[in-house]
Amino acid sequence: MKRVSISFYDEIYKKLEERMQITGSPSIAQCVRELIDLALKIESAAKESHGKSEENNLIHAMTELKNLFKNNLNWSLESRLLTRFLVEHHPSGDRENMIDVLNKYKKTANDYVAGLYGEKIE
């Protein structure tokens with residue numbers, strides 16, 4: 001065991017003496033060792049709690065992101081199906097023009113998403 005000399009203010013020393021008597025510690029040194037051990041345990045628990053808090057924040061963010069993607073996917077699919085239905089049932093009947101329109105907007109949508117993801121647009 002290492003030896004360390006410590007000086008305390010009078011008020012702190014009195015509190016240590018009171019604690020020593022209340023807890024039945026055999027000496028001031030033992031009382032100080034117990035307090036330091038307790039402080040280290042509290043500090044360790046606080047660090048673990050902080051790590052769990054960050055983990056919980058990450059899980060919460062991932063859940064929100066999942067819900068965002070789910071809603072966006074539903075919206076995209078509904079829009080795409082509605083667009084195809086409207087184009088297929090357009091009164092003009094010009095099938096070639098309708099396919100060109102669908103391909104044009106498909107490319108526009110793909111370019112937009114690629115831009116959001118920072119991907120190179122071809």
Side-chain angles (χ1 to χ4, degrees):
M1 185 181 301
K2 298 276 185 180
R3 289 191 172 267
V4 178
S5 296
I6 301 175
S7 298
F8 294 106
Y9 293 110
D10 292 338
E11 306 86 42
I12 301 295
Y13 190 81
K14 286 178 187 177
K15 288 180 182 180
L16 287 172
E17 283 182 327
E18 288 173 13
R19 185 181 187 282
M20 182 181 75
Q21 291 172 358
I22 292 170
T23 61
S25 293
S27 66
I28 294 287
Q30 180 62 30
C31 186
V32 170
R33 282 192 290 272
E34 290 170 357
L35 288 171
I36 290 174
D37 186 46
L38 179 62
L40 291 173
K41 286 178 183 177
I42 291 171
E43 184 179 59
S44 176
K47 285 180 185 176
E48 288 178 22
S49 173
H50 181 66
K52 288 180 183 178
S53 175
E54 288 176 0
E55 194 174 301
N56 288 340
N57 289 342
L58 179 61
I59 290 170
H60 181 69
M62 292 297 290
T63 302
E64 285 185 18
L65 190 58
K66 179 183 169 188
N67 290 335
L68 178 66
F69 282 138
K70 181 180 177 183
N71 291 338
N72 194 26
L73 184 59
N74 284 331
W75 174 80
S76 297
L77 185 57
E78 287 173 20
S79 297
R80 186 173 179 112
L81 292 173
L82 178 61
T83 302
R84 286 203 172 271
F85 174 81
L86 292 173
V87 168
E88 288 175 1
H89 292 87
H90 193 270
S92 73
D94 185 4
R95 184 120 177 106
E96 236 177 82
N97 186 36
M98 288 185 255
I99 290 172
D100 287 342
V101 167
L102 287 175
N103 286 333
K104 174 186 172 188
Y105 286 102
K106 179 180 179 181
K107 181 177 178 353
T108 302
N110 288 338
D111 290 348
Y112 178 75
V113 171
L116 287 176
Y117 279 88
E119 298 172 350
K120 185 178 177 182
I121 299 172
E122 297 175 12

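Because the structure is predicted, anything quoted here is derived from the model rather than measured.
- Criterion: ILVMFWY side-chain heavy atoms under 4.5 Å apart, direct or through other members. Under it, Ile28 and Val4 are part of a common hydrophobic cluster.
- Considering CG of Leu16 and CD1 of Ile6, their distance stands at 9.5 Å, rounded to 0.5 Å.
- Residue pairs meeting the side-chain hydrogen bond (donor to acceptor under 3.5 Å, both in side chains) criterion with at least one partner in residues 15-31, sequence neighbours excluded, are Arg19-Glu34, Thr23-Ser25, Ser25-Glu34, Gln30-Arg33, Gln30-Glu34.
- Follow the hydrophobic side-chain contacts under 4.5 Å out from Leu82 and you never reach Tyr105; the two are in separate clusters.
- Criterion: ILVMFWY side-chain heavy atoms under 4.5 Å apart, direct or through other members. Under it, Phe85 and Trp75 are not part of a common hydrophobic cluster.
- Between Lys107 and Asp111 there is a salt bridge, since a side-chain N of the basic residue sits under 4.0 Å from a carboxylate O of the acidic one.
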Listing, residues 37-45 side-chain donor-acceptor contacts under 3.5 Å, not counting sequence neighbours, or none:
residue : atom : partner : partner atom : Å
Asp37   : OD2  : Lys41   : NZ           : 3.4

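- In the hydrophobic clustering of this structure, Leu102 does not group with Leu86; members are Ile, Leu, Val, Met, Phe, Trp, Tyr whose side-chain heavy atoms approach within less than 4.5 Å, directly or through other members.
- Here Ile99 is tied to no hydrophobic group at all, with no ILVMFWY side chain closer than 4.5 Å.
- When the side chains of ILVMFWY residues are joined at heavy-atom separations under 4.5 Å, either directly or via intervening members, Leu65 and Ile59 end up in two distinct hydrophobic clusters.
- Remark: Phe8 CZ is packed, more than 12 non-hydrogen atoms of other residues, nucleotides or ligands lying under 6.0 Å away.
- Between Thr83 and Val101, every side-chain heavy-atom pair lies at or beyond the 4.5 Å cut-off.
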